[in-house]
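Remember, it's a predicted structure, so these values are computed and weren't measured experimentally. Below, chains carry the letters A, B, ... as their sequence lines are ordered, and counting in each starts from 1.
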There are 2 protein chains.
Amino acid sequence: MTSHNEYVDILHKSGFKATAQRIEILSILSQSQTHPTAEEVYHEARKKFPTISAATVYKTIQTLKEAGRVQQLAFYGGKARFEANVEPHINLICLTCGRIQDLFDMRVNEFIKQFSGGSGFKVESQRIDFYGTCKQCREQAGFQ
Amino acid sequence: MTSHNEYVDILHKSGFKATAQRIEILSILSQSQTHPTAEEVYHEARKKFPTISAATVYKTIQTLKEAGRVQQLAFYGGKARFEANVEPHINLICLTCGRIQDLFDMRVNEFIKQFSGGSGFKVESQRIDFYGTCKQCREQAGFQ
DNA sequence: CTACATGCAAAGCATTTGCATAGCC
DNA sequence: GGCTATGCAAATGCTTTGCATGTAG
């Protein structure tokens, strides 16, 4: 259950003040499935806080990143994208429609475990992106 | 064998003119193990072509990316990094010393194959980053 | 009450673009 | 020789920073 109080706890445990703006940004990132850009978070947050500034969004995301609560994904195109899902997963990036979907699968954990330590490299976090064509786009194109 | 003529061929086959600057940039990216930034490529290229501009480096890298000859990796920190290794592999990124090493392993290909098609998503290219601590840094820290 | 967060504006940088000149094919 | 590439400078756009004001703890 994701609730207001849970966001407050997360912020406090990470040593930050639980301001209304931070709670809103954390909430947006936690509930989003679309790996939003900072600009998208900013526009969403403005619905509740019309005076919030982009600087606050950037500073808050920076804070959440340092606390390990948000992952930053830099893609082609310059804009950084963010997600609050820090569990191992695959980002499926459709080159046709641009959508990014998370894929959770036990085999991802096993795959990572295989390489952790074996080569002398200790894995602490990871990022796996698959670029290709999603199901919907393939169906629309007649599986060409 | 990577040679001058091979770089010329690559450029011609991709439909581009084989200028001395492009050959140099392709050579730098092909021989580098360090996933250089555009700025690093620029400084390296200036050794041979003191008048080369950053714009030419960016335009050439863009060209090589479109031809599938160079992969762009956007990391934390804003600067994009580039590599000419387009075969499936894992980027081992050491959070202590900042070095990025390529890890080639058959299990990577098998891992990708598992997910291609199964979920309806057709994988065309991929990027796998492992963040952690490399062997050297762990040894220096006494395996803490 | 005090230290930290917000929000505004301005600055910082990586990257892109426009255009005249130069060079490959 | 024609068409594409180079290189300079200026522009663009994302992100960061400085600072005065506001607010959580």
Side-chain angles (χ1 to χ4, degrees), chain A residues 4-5 7-26 28-29 35-43 45-67 69-70 72-82, chain B residues 4-5 7-29 35-67 69-70 72-82:
Chain A
H4 180 276
N5 286 338
Y7 298 136
V8 174
D9 278 359
I10 287 171
L11 290 165
H12 283 172
K13 277 176 189 158
S14 303
F16 306 118
K17 288 187 182 170
T19 64
Q21 290 91 331
R22 282 182 176 166
I23 291 161
E24 177 63 11
I25 290 166
L26 183 52
I28 289 167
L29 284 170
H35 304 64
T37 61
E39 196 194 353
E40 285 161 2
V41 173
Y42 170 62
H43 280 302
R46 274 180 86 90
K47 292 180 186 170
K48 210 173 243 177
F49 298 93
T51 64
I52 199 172
S53 69
T56 298
V57 172
Y58 278 105
K59 285 172 186 166
T60 299
I61 289 176
Q62 184 67 32
T63 299
L64 293 169
K65 261 167 56 189
E66 282 165 12
R69 286 291 166 181
V70 162
Q72 176 171 356
L73 302 174
F75 291 109
Y76 304 102
K79 287 187 195 173
R81 290 181 171 272
F82 305 93
Chain B
H4 179 278
N5 287 337
Y7 298 138
V8 174
D9 279 357
I10 287 171
L11 289 166
H12 283 174
K13 276 176 189 159
S14 304
F16 306 117
K17 287 187 183 171
T19 64
Q21 291 92 330
R22 281 182 177 165
I23 291 163
E24 178 62 11
I25 290 166
L26 182 53
S27 164
I28 290 167
L29 285 170
H35 303 65
T37 62
E39 197 194 353
E40 285 160 2
V41 174
Y42 171 62
H43 280 301
E44 188 64 27
R46 274 180 86 91
K47 291 179 186 171
K48 210 172 242 175
F49 298 93
T51 64
I52 198 171
S53 70
T56 298
V57 172
Y58 278 106
K59 284 171 186 167
T60 299
I61 289 175
Q62 184 67 32
T63 298
L64 293 169
K65 262 167 56 188
E66 283 163 14
R69 287 290 165 183
V70 162
Q72 176 171 357
L73 302 174
F75 290 110
Y76 304 99
K79 287 188 195 173
R81 290 182 171 272
F82 304 93

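- Contact detail for Phe49(B) and Gln21(B): the closest heavy-atom pair is CZ-N, 4.2 Å.
- Annotation: side-chain hydrogen bond (donor to acceptor under 3.5 Å, both in side chains) contacts of Thr56(B) (sequence neighbours excluded): Ser53(B).
- The end-to-end axis angle of the helix from dC1(C)-dG25(D) to dC25(C)-dG1(D), rounded to 10 degrees and based on five pairs per end, is 50°.
- Summarising the geometry, the separation between CZ on Arg22(A) and C1' on dT23(D) is reported as 12 Å, rounded to the nearest angstrom.
- Whole-Å rounding puts the Ile23(A) CD1 to dG25(D) C1' distance at 13 Å.
- The separation between Leu73(A) atom CG and dT15(D) atom P is 13 Å, rounded to whole Å.
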Under 3.5 Å, which N/O atoms of the protein pair with N/O atoms of nucleotides 16-18 of chain D?
{"unit_1": "dG18(D)", "atom_1": "O6", "unit_2": "Lys59(A)", "atom_2": "NZ", "d": "3.1"}

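- When all heavy atoms of Ala18(B) and Leu11(B) are compared, the pair lying nearest together is CA-CD1, 3.8 Å.
- Going from atom CD1 of Ile23(B) over to atom OG1 of Thr60(B) covers 11.0 Å, rounded to the nearest 0.5 Å.
- Closest approach of Tyr42(B) to Ala54(B), counting heavy atoms only: CE1-N, 3.4 Å.
- Proximity of residues 13-21 of chain B to DNA chain D (heavy atom under 4.0 angstrom from any strand atom) is restricted to Lys17(B), Thr19(B), Gln21(B).
- Using a 4.0 Å cut-off on heavy atoms, the residues of residues 37-52 of chain B that approach DNA chain C are Ala38(B), listed by number.
- Listed for the Arg69(A) side chain is no donor-acceptor partner under 3.5 Å among the backbone atoms of Ile10(A).
- An OP1 or OP2 oxygen of dC25(C) is reached within less than 4.0 angstrom by a side-chain nitrogen or oxygen of His12(B).
- Looking at residues two or more places apart in sequence or on another chain, you find a side-chain hydrogen bond (donor to acceptor under 3.5 Å, both in side chains) between Lys48(A) and Glu24(A).
- A distance of 8.0 Å separates OG1 in Thr37(B) from CZ in Phe82(B), rounded to the nearest 0.5 Å.
- With hydrogens and angles disregarded, a donor-acceptor distance shorter than 3.5 Å links the side chain of Arg81(A) to the backbone of His35(A).
- Between Leu11(B) atom CG and dG23(C) atom P the separation is 18 Å, expressed in whole Å.
- In this structure, CD of Glu66(B) is placed 11 Å from P of dT16(C), rounded to the nearest angstrom.
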